[in-house]
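First the structure, in the form of structure tokens, and then the observations on it.
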Amino acid sequence: MSDNIFVTNNNVDNQDLPKQYDPLVAQSRWSRYWDDLGLFQVGRNSIERSVKGSFCVVIPPPNVTGALHMGHALNNTLQDITVRMKRMQGYDTLWIPGVDHAGIATQAVVEKRLFEEEKLTRHDIGRDALVGRIWNWKEKYQTRIIEQLKGMGCSCDWSRTRFTLDEICAKAVRYFFFNLFKQNLIYRGKRLVNWDTHLQTAVSDDEVFYETVDGNFWHIKYPIVEPKVDEFEFVIVATTRPETMLGDTAVAVHPDPENAINKIHNDIKKRLETASEKEKSDLQKELDNIESLKSSGQIERLKKLAQLAKSGCKIKLPLSGRIIPLIADAWAKPDKGTGCVKITPAHDPNDYEVGLRNDLPMINILNKDGTLNSAAGVYEGLTIKAAREKVVSDLDAGGFLHLVEERTIELAHSDRSKTPIEPFLHDQWFVKMASLAQTAIDTVKNGEVKILPERYTKGYIDWLSEKRDWPIGRQLWWGHRIPIWSCKNVTKNEIEKTFNNRNDISFIRDDESGEWRICSLEEDLPEDAIKDRQLVREEDVLDTWFSSALWTHSTLGWPDVCGDLEYYYPTGVLITNRDILTLWVARMVLAGKFNTGKKPFHEVYIHPTILDKYGERMSKSLGNGVDPISVITKFGADAMRFGLAFLTTENQDIRLVLDFECPYCGAVVEQTKKNRKLPKIQCPKCKKNFRTQWAEKDDDKNLPEGMMINERFEVARNFCNKLWNAARFVLLSLGDKKIDSVTINKNLGSELLEDKWILSRLATVTRDVTQMFETYHYAEAVRLLYDFAWDEFCSFYLEMVKSRLSDNNDNNDNNSNNGNNDNGNNGQSLVAESILVYVLRNLICLLHPVTPFVTEEIWQRLRKLDSNLAVSVAVAEWGIADNSAVNVEIEERFKIFQELLRAIRDVRASRNIPPKDEIKFAVKCNKTTATLLKPMEKYFLTMAKAKATEWGESVEIPEFAATTPLTGMDLYVDLSGVINLNEEIKKLEKEIEKIKNFITAKEKKLDGDFIKKAPKQIVEKEQQSLTDLKEQLNSATNAIKKLIKIKSNQNL
RNA sequence: GGGCGAUUAGCUCAGUUGGUUAGAGCGUCUGGUUUACACCCAGAAGGUCAGCGGUUCGAGCCCGUUAUCGCCCACCA
């Protein structure tokens, strides 16, 4: 949103009521208004607090890597709905916004840009310069993100906007780290990490994806040097990564190949018994393989090798000539490869385990940049790819290459840089998870924190149950630097003397290196902190999740225990996507518990994922994200929010098909995988170029924009317009007339069916919508509101009230401020007006959380009629369901009216009776129904242009009648002059056929065990239904007989 | 390999604990310049609820199974 469209004048004019609601005007006007009033800023430590207490939500901080897409739009829409409702319900409501520094991702984006534009790497410009550039990037995108959130109408307290790398968050990080360190929960270990050679950092398992690539399977001969056995000159190992052989420290064979192969054999056989047809063929193949393996003598060879291994066998590694042992380890599977496997502990996760078990040396052959190091001997300095080629050709030249197969390999890639991962032995900081994870498990298991929908609980608990230690170091420059200083050649005494029992310093000796590691709570230690010694600060920064884990309490000022933390923590609900349930949510629970002793939130609501038209997750990295501002510009923020909430159901992800609309000719240009990232697109119809949201160059930007369109947002936009026009009708009808709450309350007791009905419906809807929102059933709540507003309030109540209001206009003095009852019509119309305004006000309140802008626009205009209304609908009182108004019987009775009206309209439409022509009808029904419907006569006239002639048990049936048998009543519409006898007979025949079918089915049902076993109520219902059907059949039969008689008379 | 979810009208999706004849929007068709709204109004057509089997008086819903699709986790010398 640019500033120039802000309208400073909030003084709405009720004479100025355009037919079409303009969302952009309302958005700028009311955003500004809310800001000026500070409605969403909650006073810090204020003394006056709501009796209802507090309700706080923290935003899942979006990464500053880029702008928000529709996935964020959904996430924040749902939060805003909940937050706005709670605020209206009277809670002290606080929604804290902010953004995440997203270490790896953001640094990667900036580095990539740096290279693309200036051909520079981070090493060229240095740490400070790179971090400076990332800060600039961060400023740009934080601004953009906040702008987007504001544009959506999010009711955050912007004055509290936090950034995971700002001072307040940094302080929390230091305290968290220090306390963990002090409790010995942080340690440094050598671990095999997923090394991204491009970004030169370790990435977590969760940041790795696998991709199928073409590769080879090399079988290499390793000569046996001791003992000399005739039948085994060498062992053959197979590998997809031959260059890693330079780091081999053993070859393994299974200790008991025979039993192992038999076990596999039996397992397959067992599975074959229960397998499906499709699986069978695969299994059979496997079985055949095993059997041929068994008969080939391979197992015998492996058995002998296992013997050799156990008695100590030495192998000479080709190329380097290093001597390595043949070991017996169950990791070597006799049915895979050659049955023997090379062990490279420093470069393969499984081999690493084998290495640990067998106490093997671990030889790292890689540099951090992915080239080979000095351990690789003559291969030093080569890239992995070059080394592979050279190793293979050298092996071949030396006669060590036994066989080369082609095969596809699942190759690990870094999610961030999209380059292959190299397993790499690296020093790494870890958090011990055992007790922390258990706390987080217990917190959910005992119900302290509820995860909704409940089915997600399992994933959370399973993940935590593995209790894998958390690697928290990242070899990056963008992040919270680890607050540890190392010192060599120092004694404990010197350290103790220097820090003199300071409780903000903690230190421990690293057994492996003999260095001391000193952790400082707040102060950054200078190099010379210890006399004559040098402190070296840890280079690495912390995992991003380490700081976002604190988000719920760091944003509220922890570790400072201030009023805010006490008042707003634990927060109410966390609303987020399922992909970070473990990485983020689980860690927030354990960090919250560890730091504050309290859970971070009462509930976690997991919402659906926004997918694109191909079912792919909308994401920043995929590039398929659609900017919500584009949707807002086209349809309005309310429509976007309404559309998204409407799609938020229990268990279905949301496939959002967004296409471009050509700005010249209006043609719909499908968004495809090819064009979805293009800055400009040529319209296939008019052949002109338009720009997209991805335009960056000035040339492109100057083109008109092709908007993103979607059917659901169109529906939502139409709804907003409908609502606006309903309000417009009310405002135009009332003119300057004031309707205050006293007048309204006086008139709510109206005895008219339609009044009681709409009040009952409003109460029911209020109750249900509240419940649905409170349990995060957004789509259900929105559907109830949509139906109520459109089908009940607009299509019925407004239509019915029209005649009552126009009565009024004839006799009424427009300037009268109160309804003096000096004539009957006036009193009557005042009742209608009161209820009309009352229902509209309540409806506006219920809709406000979903569509804040249009409801504010209307609310401000309603304030002209009653200045006692709240200054903004955002702080108006949430509708409290008036249970006394709920009247199921009235609602049922009104349905009869609706059924009859629809039947009359159907007769009109199907007989092509011109809308201007009035028709006459009679209804045969019991006394109760007649009494009910008689007062509604005028509505049949205004709503269906149909005049009632008679109601009752026996009515005079017009000679030329269209007969419609309904439940408990028969409708006769006089068709004199327009009747087509043949058509009418045909229609009735069809009707009779239908009714007969129902009767047959019903009789069959009532004949069996149903009567004996089904609940009495259900049986009675069915019997009543059968009686009704029989009556309908009877009416239809009589009617058809009559028509046939007329027809034969005519033929005479 | 383990787990989770989905399959309902031409399309996009609802459908609470099993209970009359399974709903909505869009699209289609018919008819409408009704002073709130054509971003509208009135009406209609359109479904073997993926297949098979079971439980039950009764299944879109519960159980088993098959097929197809999606997601998450683990593994692949």
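We name chains A, B, ... by the order of the sequence lines, and we start the count at 1 in each one. Keep in mind that this is a model prediction, so the values were computed, not measured.
Residue A/R241 is classed as having no contact, given no heavy-atom separation below 4.0 Å to the nucleic acid. Looking at heavy-atom distances under 4.0 Å, A/R712 makes contact with a base. In this structure, A/V715 reaches the sugar-phosphate backbone alone: every heavy-atom distance under 4.0 Å involves primed, P, OP1 or OP2 atoms, never a base. Heavy atoms of A/P914 sit nowhere under 4.0 angstrom from any nucleic acid atom. Contact annotation for A/C720: no contact, since no heavy-atom pair falls under 4.0 Å across all strands. Residue A/K333 is classed as a base contact, given a heavy-atom separation below 4.0 Å to a base.
Between A/I709 atom CD1 and B/rU12 atom C1' the separation is 15 Å, expressed in whole Å. Per the geometry, NZ belonging to A/K945 stands 16 Å off C1' belonging to B/rG31, to the nearest Å. One atom, CG of A/L971, and another, P of B/rG43, lie 14 Å apart when rounded to the nearest Å. As rounded to whole Å, 14 Å separates atom P of B/rC72 from atom CD1 of A/I606. One can place CG of A/D917 at 15 Å from C1' of B/rA42, the figure rounded to the nearest angstrom. In this structure, A/E899 places its CD atom 16 Å from P of B/rU21, rounding to the nearest Å. Atoms CZ (A/R908) and P (B/rG31) sit 15 Å apart, rounded to a whole Å. The interatomic distance linking A/E466 (CD) with B/rG2 (P) rounds to 16 Å, in whole Å.
Remark: A/R655 is in phosphate contact with B/rU12, judged by side-chain N or O atoms under 4.0 Å from OP1 or OP2. For B/rU21, one of the phosphate oxygens OP1 or OP2 lies less than 4.0 angstrom from a side-chain nitrogen or oxygen of A/K1002. Between A/T649 and B/rA14 there is a side-chain polar atom (N or O) within less than 4.0 angstrom of OP1 or OP2.
When the nucleotides B/rA74, B/rG19, B/rG25 are ranked by their closest atom to the side chain of A/K1005, B/rG19 comes out on top.
Comparing B/rG46 with B/rG23, their C1' atoms are spaced 13 Å from each other, to the whole Å. The separation of B/rC63 from B/rA74, taken at their C1' atoms, amounts to 29 Å, rounded to a whole angstrom. B/rC41 sits 13 Å from B/rU34 when the P atoms are compared, rounded to a whole Å. Comparing B/rU8 with B/rG25, their C1' atoms sit 15 Å apart, to the nearest whole Å.
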(request) Check step by step if side chain to side chain donor-acceptor pair (under 3.5 Å) holds for A/T244 and A/K342. (result) CA-CA 9 Å; A/T244 62; A/K342 63 193 273 300; 2.6 Å; yes

(message) Does A/T576 form a side chain to side chain contact (heavy atoms under 4.5 Å, CB included) with A/V585? I'd like the steps, not just the answer.
(response) CA-CA 9 Å; A/T576 188; A/V585 179; 3.9 Å; yes

(request) Using the side chain to side chain contact (heavy atoms under 4.5 Å, CB included) rule, take A/M943 and A/K938 through it: C-alpha gap first, then chi angles, then the decisive distance, then the call. (result) CA-CA 8 Å; A/M943 296 171 82; A/K938 62 177 168 181; over 6 Å; no

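A salt bridge is absent between A/D906 and A/R911: the closest approach of a Lys/Arg side-chain nitrogen to an acidic carboxylate oxygen does not fall below 4.0 angstrom.
The side-chain hydrogen bond (donor to acceptor under 3.5 Å, both in side chains) check on A/E670 picks up A/K613, with sequence neighbours excluded. Not counting sequence neighbours, A/Y797 has no partner by the ring-ring contact (aromatic ring centres under 6.0 Å, His included) test.
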(request) Summarise how protein sits on nucleotides 34-40 of chain B as a single string, 5' to 3': B when a protein heavy atom is under 4.0 Å from the base, S for sugar-phosphate-only contact, - for no contact. (result) --BB-BS

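Among the candidates A/D348, A/T344, A/V341, A/I220, the single residue satisfying the side-chain contact (heavy atoms from CB on, under 4.5 Å) test with A/T239 is A/I220.
For A/R783 and A/T240, each mapped to the nucleotide of RNA chain B holding its nearest heavy atom, the one lying further toward the 5' end belongs to A/R783. Mapped onto RNA chain B by nearest heavy atom, A/D791 and A/D906 fall at different nucleotides, with A/D791 at the one closer to the 5' end.
RNA chain B is contacted by A/E1022, A/S1025, A/L1029 of residues 1021-1033 of chain A, taking any non-hydrogen atom closer than 4.0 Å.
Identified under the side-chain hydrogen bond (donor to acceptor under 3.5 Å, both in side chains) test for residues 713-729 of chain A, with sequence neighbours left out: none.
Less than 6.0 angstrom separates the ring centroid of A/F642 from the ring centroid of A/F646.
Contact check for A/K221 versus A/V237: no side-chain heavy atoms found under the 4.5 Å cut-off.
Stretches of at least 3 consecutive Watson-Crick or G-U wobble pairs, with each checked distance under 3.5 Å, appear in RNA chain B as B:1-7 with B:67-73, B:10-13 with B:23-26, B:28-32 with B:40-44, B:50-54 with B:62-66.
A/F1010 does not carry A/K1004 over the face of its six-membered ring by the limits of under 6.0 Å from the centre and within 45° of the normal.
When every heavy atom of A/C340 is checked against every heavy atom of A/I236, the shortest pair comes out as CB-O, 3.6 Å.
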